[in-house]
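Everything on this sheet refers to the single structure shown next.
Counting convention: from 1, in listed order, for ligands and their atoms alike. Position 1 is the first residue of the sequence, and the numbers go up from there.
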Amino acid sequence: MKPRHPQARRWPRHVPFAALCLVFLASLPGVQAAQAPARPGKAAIAAAHPLAVAAGEEVLAAGGNAFDAAVAVSAALAVVEPYASGLGGGGFWLLHVADGQRDVFIDGREVAPGAATATMYLDARGEVIKGASISGPLAAGIPGEPAALAHIAEHYGRLPLARSLAPAIRLAGEGIPVHERLQMGLRFRRPAMEASPALLEVFYPGGKPPAAGSLLRQPDLATTLHRLGREGFDGFYRGPTAAALVEGVRAAGGIWSLEDLAGYRVLEREPVRGDYRGLRLTSAPLPSAGGIGLVNMLNILAGYRLEQLEPAVRKHLLIEAMRRAYRDRSLYLGDPAFSRPPVEQLLSPFYAAGQRVSIRLDRATPSEVLAPGAAGGGTGSDTTHFSILDAEGNRVAGTLSINTWYGAAFMPPGTGVLLNNEMDDFTIKPGVANAYELLGAAANNIAPGKRMLSSMTPSFLESERGVAILGTPGGSRIITMVLLATLDWADGGDAHSMVALRRFHHQFHPDVVEYEVGAFSEAEVAALEALGHRLELGTRGYGNMNVVTWDYATGKVDAASDPRSAGEAQVY
Ligand code: GLY
């Protein structure tokens, strides 16, 4: 493995010296450089809603590239999946620019407002104020998605921003057919929505829940998108939209200022990279924990001949790798502009060799013996992911978030912008879990202008065989879902098997393995329990993965959308 990351500083204190010696025993096969043919000649889009795929297709047909299509898909998702992503939220767009074979990570994560404090969700006794980081405008960070769309269009797209936003503007103005997930989320979040008349007006037209198949119009959102298209960054972060956002937020007890909006900046970052058995991984750097966790887990697993092991032992090792990566997430990670997470060390195969030393083949490691550390499990019913390849070989893996169904459940009047509750991804109070049961340390404390730690993991996999573009929503489970899909691709799987494979997840705390029906055979359940793992069968499947692949040898471009949801995958 050849980790590369600019923010490396110090060696985590618990790395045993023996690990440094054992690295020489670890199996670390060299990586063959992937030799991509010049261009795929075909394009593909996989996303969580057919109307978003259609928006991307329209923009490709108008002469746009993958980056224009990413803008179109992102904006359309904001309209058709308002509970999962949108202009009030943020996201990460991992781009591959075919001309020059360059990868760049666009960080459009929200930031804490200037008046935010580390204790803003605690009462006078230091107790967490229930729901304060989940519902209402105080839960909302300064949005990043509109700035990211303007940035991508300006620096990477071929079409004007207004052209790429046109399908979304049309969908918002003319209406979208109400679908099941939209209704389900509305039912779930209705109590919190009561505090936002503007939001109720949109999502409960005439005071009633919208009927399945009826048209849901979002005229204010159409106007806001139109202004963004016409004026770019200033169309959202300055002028009438910004004024209405700040006025609405402050009138309802929030703390945003005009300066917060005007001061928002998109960041371009160097992606995290790692290698695993001939496969090159390019993924999300901080402020996402995704790429670091993924490379760390692959580094741990690279020391075993997984294919030669019994399935139950193989799964035991995956669980132990997950446990260790999530422990470190909670201990060390946060916005690198505010602390110095030991990134290079966490990405190092030497460090992984040290972690392997603590893994027994014949017994689960109780999380408490790996203390100190605290991370936890939770469900993810928010966020969205899309994957795009264009005919020239440009690629986008985009994972965008409105958290916990309809975010903060608050809409500043006259904007159509549903605010997110991404502030909950900060450490609200050491020792207190967030919506995903994730606990954090000081590295992820709230501070003005800081970006909250994320699990979003948009990724590229490359090998001699070809390339895969992947990612998924799912809160804290995102990173383990991308790990399982990566291992599937490494084992010869394709886009369809990657999105469909049965999932399991461990995140250090609680010390439990959550699994989907079919993830373990009866014999594996018995074997894993005998090793000491506590297993919990989930009642529903989780995740909504969207994958595009390009096979270099055959030239085949393929795409698949998660069978657990109602997304679509198209090859053009
Ligand atoms: N809101 C989910 C995440 O960023 O991980």
Legend entry - Numbered atoms and elements of ligand 1 in range of Arg109, under 4.0 angstrom, heavy atoms: 4 (O)
Inset, instruction - Under 4.0 Å from a heavy atom of Glu422: give me the atoms of ligand 1 that qualify, with their elements. - result: 1 (N)
Legend entry - Stacked cation flag Arg329 on Phe508, 6.0 angstrom / 45 deg: no
Legend entry - Distance filter under 4.0 Å to Ser455 heavy atoms, resulting ligand 1 atoms: 3 (C), 4 (O), 5 (O)
Inset, instruction - Verify the distance criterion only: is there a donor paired with an acceptor across the side chains of Glu422 and Ser401 at less than 3.5 Å? - result: yes
Legend entry - Backbone or side-chain N or O of Ser401 under 3.5 Å from ligand 1 N or O: yes
Legend entry - Atoms of ligand 1 close to Met456 [distance to a heavy atom under 4.0 angstrom, numbered from 1]: 3 (C), 4 (O), 5 (O)
Inset, instruction - Specify side chain, backbone, both or neither for Met452, according to which of its non-hydrogen atoms lie closer than 4.0 Å to ligand 1. - result: neither
Legend entry - Donor-acceptor side-chain pairing of Asn546 and Ser561 below 3.5 angstrom: yes
Inset, instruction - Compute whether any side-chain donor of one residue and acceptor of the other, for Thr404 and Asn421, lie under 3.5 angstrom apart. - result: yes
Inset, instruction - Report the residues that fulfil ring-ring contact (aromatic ring centres under 6.0 Å, His included) with His533, sequence neighbours left out, ordered by chain and then residue number. - result: His316
Inset, instruction - Could you tell me whether Ile478 approaches ligand 1 through its side chain, its backbone, both or neither, with non-hydrogen atoms closer than 4.0 Å? - result: neither
Legend entry - His385 versus Ser387, side-chain donor and acceptor atoms under 3.5 Å: yes
